[in-house]
A.B. asks: 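This is the structure, below, for whatever I ask next.
Residue numbers begin at 1 in each chain, while the letters A, B, ... track the order of the sequences. What's counted below: heavy atoms across the whole structure, side chains too, no hydrogens, waters or symmetry copies.
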Amino acid sequence: MPTAPLRSAPSERPNAADSELLAFAQGAELAVHDLYTKAIDSGRFTGDELTMLEQFAAHHLAYAQSINGLIGKDATNQRNAGVYGAYSGQMTTGSAAYRTLQALENTLVATHTDILAKLENHDAAVLVASIITVEARHAAVFGVLPNLNLASALDNTASSIAPASNAPAATSETTVAP
Amino acid sequence: MNDNTLSRRELLRMGGLTVVGATFLAACGKQANVPESANIASVGVVPPTTGLPAVEVTDAVLMRTAASLEYNAIETYELVLSSGLLTGDYAKLSDAVKRFRDDHTRHADAVNSLAVQLGGKTVTCGNARIQSLYIDPAIELITASGNPDAGVDVISLAHGLENLATQTYQGVVGLLSTSQLRAAAMRIGADEARHAVVLAQVLNPGYGAVGPTTNETTGKANVASVPMAFGSQASVQISIGAPNAEGAKTTVAMETPSLNSLVYDYVSC
């Protein structure tokens with residue numbers, strides 16, 4: 001006699017191409033997390049401003065952890081060295097840090113949207129979509145605070161950095177526990 | 001006992017079934033002075049069943065639904081601009097409202113174009129169910145006499161609609177059949193999220209209002225620019241209208257279009 005399943009079937013794992021794209025996305029998220037940490041540790045921000053930056057940093061770590069859970073052993077769990085290196089020298093003042101962090105958020109929105117256009121896995125697409133909306137919010141916040149600049153809040157001219165094939169090498173700074 | 005014989009109890013049971021069956025068949029048959037109907041005969045006149053057209057949730061239907069929400073937003077912003085609700089400190093928001101309206105017009109054109117490419121028809125009016133369930137009652141509350149906060153309430157409504165649009169685009173990602181369409185949806189969804197942030201900062205400004213906070217008096221969540229780490233699919237709640245004796249406003253809970261409010265192929269403006 002057939003028995004009813006105790007729980008629904010597990011979701012299908014992302015295929016190799018999807019995993020490669022998601023691994024890149026994870027590396028980019030960890031790089032941006034580390035750049036937020038650099039801004040936080042600079043001593044330029046205090047009070048609510050500092051709390052906001054800590055929240056945004058925590059969000060990026062949460063995205064990296066979620067992607068890690070999705071792709072498992074295919075995750076590099078290391079930040080993208082290219083992204084970190086390209087932006088880490090730009091945060092020389094408080095306002096420069098804001099411009100840099102906004103540019104990074106806009107770049108992540110463009111990159112994840114580009115990745116979404118290639119992903120086949122349903123669960124991965126749903127996760128990436130839920131990340132895009134919040135990273136767009138992060139970017140908009142930097143256009144509203146400290147003073148409203150409508151174009152800065154609403155327009156995204158950043159380009160995707162998603163690879164067509166293999167992801168670039170990663171360093172071993174921030175890692176996510178496998 | 002022989003297998004072919006029937007016991008007295010079995011005979012009685014069969015007799016009972018025959019009587020019941022004959023009564024049922026008689027009820028189904030033609031009767032004097034009762035109008036003929038396709039329905040099972042019954043006492044009195046049975047109204048015909050309401051028929052629903054056959055529908056299917058296709059990519060085109062999802063794009064048409066998105067277009068209808070864009071028109072809900074366009075029409076609401078048009079009302080905001082024409083009604084004179086943006087007064088005092090809120091008058092300076094008219095440029096932002098115009099920009100939002102124009103963005104939604106551009107979005108509507110984009111999703112309508114996709115709907116046509118997918119074999120559907122364009123939609124150039126708001127989603128009727130969203131309008132009647134949420135927007136019309138909200139406008140009624142906002143414009144009612146005795147509401148001292150019409151200006152801020154209309155911003156609350158716009159903020160709620162932007163969050164609803166964001167959630168709708170994020171939600172259809174799980175339903176659309178191709179990755180290209182999912183990306184197209186999220187290009188627009190990201191724009192709506194940015195609108196929501198600008199309006200959230202009007203309602204609750206400053207760095208301290210970016211993340212989630214709670215009103216210590218009411219215990220309710222304050223408006224936040226970035227309320228969660230991941231895009232939510234929960235209902236969108238706005239507080240609008242004249243405050244009651246306790247100072248509380250009416251809460252309107254809005255949800256993204258579902259199976260009974262999608263703009264199917266047969267729905268027209």
A.B. asks: Output the distance between atom CD (A/E49) and atom OH (B/Y207), rounded to the nearest 0.5 Å.
C.D. replies: 4.0 Å

A.B. asks: Of B/R187, B/M186, B/Q180, which is the lone residue that meets side-chain contact (heavy atoms from CB on, under 4.5 Å) with A/L116?
C.D. replies: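 By the side-chain contact (heavy atoms from CB on, under 4.5 Å) criterion, A/L116 pairs with just one of B/R187, B/M186, B/Q180: B/M186.
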
A.B. asks: Distance from B/L176 atom CG to A/H122 atom NE2, nearest 0.5 Å?
C.D. replies: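 Going from the CG atom of B/L176 to the NE2 atom of A/H122 covers 9.5 Å.
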
A.B. asks: Which atom names give the shortest non-hydrogen contact between B/V210 and A/L145, and what distance separates them?
C.D. replies: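 Residues B/V210 and A/L145, closest heavy atoms: CG2-CD1, 3.7 Å.
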
A.B. asks: For chain A, find which of B/A193, B/G174, B/A185, B/S179 contributes the most heavy-atom pairs closer than 4.5 angstrom.
C.D. replies: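 Ranked by heavy-atom pairs under 4.5 Å with chain A, first place is B/S179.
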
A.B. asks: Under the side chain to side chain donor-acceptor pair (under 3.5 Å) rule, collect the residues that match up with A/D114, sequence neighbours excluded.
C.D. replies: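 Testing A/D114 for side chain to side chain donor-acceptor pair (under 3.5 Å), a comparison that skips the adjacent residues, returns A/S160.
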
A.B. asks: Heavy-atom distance under 4.5 Å to chain A: side chain of B/P205, backbone, both or neither?
C.D. replies: neither

A.B. asks: For A/V109, is it the side chain, the backbone, both or neither that has a heavy atom under 4.5 Å from a heavy atom of chain B?
C.D. replies: side chain

A.B. asks: Heavy-atom count around A/K118 NZ within 6.0 Å, excluding the residue itself: above 12?
C.D. replies: yes

A.B. asks: Can you name the nearest heavy-atom pair linking B/G211 to A/Q55, along with the distance?
C.D. replies: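 Scanning both residues, the minimum pair turns out to be CA-OE1, 3.4 Å.
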
A.B. asks: A quick test of your reading: do over 12 heavy atoms of other residues, nucleotides or ligands sit less than 6.0 Å from CG of A/D41?
C.D. replies: yes

A.B. asks: Testing the basics here: between A/L154 and B/R194, what is the closest heavy-atom pair and its distance to 0.1 Å?
C.D. replies: O-CD, 3.4 Å

A.B. asks: Give, as side chain, backbone, both or neither, the part of B/R99 having an atom under 4.5 angstrom from any heavy atom of chain A.
C.D. replies: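 Interface part for B/R99: side chain.
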
A.B. asks: Within a strict 4.5 Å, meaning less than it, do heavy atoms of the B/M228 and A/V134 side chains meet?
C.D. replies: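 The answer is no; the side chains never approach within 4.5 Å.
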
A.B. asks: Using heavy-atom distances under 4.5 Å, tell me whether A/E120 contacts chain B through its side chain, its backbone, both, or neither.
C.D. replies: backbone

A.B. asks: Heavy-atom pairs under 4.5 Å with chain A - which of B/V198, B/D103, B/T178 has more of them than the others?
C.D. replies: B/V198

A.B. asks: Is B/Y169 close to chain A through its backbone or its side chain, or both, or neither, when contacts mean heavy atoms under 4.5 Å?
C.D. replies: neither

A.B. asks: Kindly give the heavy-atom pair with the smallest separation between A/S66 and B/F230, and that separation in Å.
C.D. replies: OG-CZ, 3.3 Å

A.B. asks: Below 4.5 Å, heavy-atom pairs only: which of A/T133, A/I115, A/V144 has the largest tally toward chain B?
C.D. replies: A/T133

A.B. asks: Among A/A140, A/S130, A/A58, A/G143, which has the most heavy-atom pairs under 4.5 Å with chain B?
C.D. replies: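 Of the options given, most contacts go to A/S130.
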
A.B. asks: Do side-chain atoms of A/R137 reach the backbone of B/V197 as a donor and acceptor pair under 3.5 angstrom?
C.D. replies: no

A.B. asks: What part of A/T113 gets within 4.5 angstrom of chain B, counting heavy atoms only: side chain, backbone, both, or neither?
C.D. replies: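 Answer is both: backbone and side chain atoms of A/T113 are under 4.5 Å from chain B.
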
A.B. asks: With sequence neighbours left out, write down each residue that passes side chain to side chain donor-acceptor pair (under 3.5 Å) with B/T251, or none if nothing qualifies.
C.D. replies: B/K220

A.B. asks: Taking all heavy atoms of A/I132 and all of B/A190, pick out the closest pair and write down the distance.
C.D. replies: CG2-CB, 4.1 Å

A.B. asks: Between A/Y63 and chain B, which part of the residue has a heavy atom less than 4.5 Å away: side chain, backbone, both or neither?
C.D. replies: both

A.B. asks: Would you mind checking which part of A/D123 comes under 4.5 Å of any heavy atom in chain B, side chain (CB onward), backbone (N, CA, C, O), both or neither?
C.D. replies: neither

A.B. asks: Which atoms of A/V141 are under 4.5 Å from chain B, going by heavy atoms: the side chain, the backbone, both sets, or neither?
C.D. replies: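 For A/V141, the contact with chain B is made by backbone and side chain together.
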
